[in-house]
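Single-structure report; data block below.
In what follows, chains are A, B, ... by sequence order, proteins preceding strands, each numbered from 1. These figures come from a predicted structure and were not determined experimentally. Atoms considered below: every heavy atom in the structure, side chains included; atoms not considered: hydrogens, waters and symmetry mates.
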Protein chains: 2
Amino acid sequence: MYSELQAAELLRRAEIVPTPQRVEITCLLMGQRAHMSAEELYRLVNSGGRRVSKATVYNTLGLMSKKGIIREVIADPARVFYDPNTQPHHHFFDVTTGKLQDIDADMVQVSGLPPLPEGATLDGVEVIVRYKSAKAE
Amino acid sequence: MYSELQAAELLRRAEIVPTPQRVEITCLLMGQRAHMSAEELYRLVNSGGRRVSKATVYNTLGLMSKKGIIREVIADPARVFYDPNTQPHHHFFDVTTGKLQDIDADMVQVSGLPPLPEGATLDGVEVIVRYKSAKAE
DNA sequence: CTTAATGCAAAGGCTTTGCAGAGAC
DNA sequence: GTCTCTGCAAAGCCTTTGCATTAAG
């Protein structure tokens, strides 16, 4: 579990004013092992008594990802996942269930990437292993 | 350029009835070096005199990707790209312009991936190198 | 008082769906 | 006539935007 104090501290360090809503969102996101989409998080926050608007959820996630304390993962065409793990690492994506899972970067080697175009800034290298799980077709 | 005859042949081999609309879509997609989204393709098809509905474009792309003659690439949260290149390969994604570009698989080595969960079927390994290009912020 | 954060609802893209009409055999 | 494909429009989902309200210093 992730305490409100930890969350507030994290936000403060990222120069984000730790309002109650932001702290709440941060707690839930950080406390979760699975990755969540904004929509899921929005529902989760609001199921827990607290009332936070959609705009604020999207806003907060956008802010946090701009400040680098969480990371956007684009694996599912239907939504963006937010990943509390900012260490370099990669992902398993279960196409059947829509679940996203971490793969430690230590284990995976990517080599031979061509250089970026002139003047470009690297934004990240993401490896996504997509698979279908047993159940459904 | 990609001829209608080639397109029809490709579709037929994939057991897709080569209707005029599907042939048209296939021609445009295959003839293009850049990757396109369904929406772009829809606009492109309809700018060329021919009238094809949105439903048909989405339908055709879905069919083709299910049959394995094109490939979906998920790199941009806002849309799915369709890639006529079905050889294993990877992608550069220019965050600034939204352009997607191929990276030959030959050059890139990915090693050390952990095994899939029990009973899972690999659906693909995708490496996406995201970068910001010179211009905009 | 001034500035920033929040909430609401509406708008916006991309994609999917339902169903009627057209076409092929 | 039957089966499939097509087209249109409406609906859906996630996300963004605009603007009035509220909170903070």
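You'll find that the side chain of B:R79 is closest to C:dC14, out of D:dC14, C:dC14, D:dG7. Side chain of B:E39, nearest nucleotide from D:dC5, C:dC14, C:dA5: C:dC14. Here C:dG18 is the nucleotide among C:dG18, D:dT15, C:dA5 with the atom lying nearest to any side-chain atom of B:A55. For B:A38, the listed nucleotide lying nearest its side chain is C:dT15; candidates were D:dT16, C:dT15, D:dG7. Side chain of A:V80, nearest nucleotide from C:dT6, D:dC8, D:dT15: D:dT15. Candidate nucleotides D:dT6, C:dC8, C:dA5 were compared by shortest atom distance to the side chain of A:V17, and C:dA5 ranks first.
Put simply, B:R22 has a side-chain N or O that comes within less than 4.0 Å of OP1 or OP2 on D:dT6. The shortest distance between the side-chain N/O atoms of A:Q21 and the OP1/OP2 oxygens of D:dA23 is not below 4.0 Å. Within the 4.0 Å cut-off from OP1 or OP2 of C:dG23, not a single side-chain nitrogen or oxygen of B:T19 is found. Distances shown here put every side-chain N or O of B:R51 at or beyond 4.0 Å from the OP1 or OP2 atom of D:dT6.
Following rounding to the nearest Å, B:L41 (CG) and C:dC14 (P) show an atom-to-atom distance of 13 Å. Taking atom CD of A:E40 as the reference point, atom C1' of D:dT15 lies 15 Å away to the nearest angstrom. Residue A:I74 contributes atom CD1, which lies 16 Å from atom P of D:dC14 at whole-angstrom precision. One interatomic measurement links the two molecules: CG of B:D76 to C1' of C:dG13, which rounds to 11 Å at whole-angstrom precision. For the pair A:K54 NZ and C:dA10 P, the computed distance is 13 Å after rounding to whole Å. As a whole-Å value, the separation of B:F81 CZ from C:dC14 P is 11 Å. Per the geometry, CG belonging to B:L11 stands 10 Å off P belonging to D:dT6, to the nearest Å. Regarding B:Y42, its OH atom lies at a distance of 8 Å from the P atom of D:dC8, rounded to whole Å.
Residues A:N59 and A:P20 each lie close to DNA chain D; by heavy-atom proximity, the contact nearer the 5' end of the strand is made by A:N59. Take the nearest nucleotide of DNA chain D for A:Y58 and for B:S53: the residue whose nucleotide is more 5' is B:S53.
Salt bridge present: A:K132 and B:D123 bring a charged side-chain N and a carboxylate O closer than 4.0 Å. Using a 4.0 Å cut-off between a side-chain N of Lys or Arg and a carboxylate O of Asp or Glu, A:E40 and A:R43 do not qualify as a salt bridge.
With contacts defined as side-chain heavy-atom distances shorter than 4.5 Å, the pair B:D76/B:F81 qualifies.
For A:Y131 and A:F93, the distance between ring centers is not under 6.0 angstrom.
Using a 3.5 Å distance cut-off with no hydrogens or angles, the side chains of B:H35 and B:D102 do pair a donor with an acceptor.
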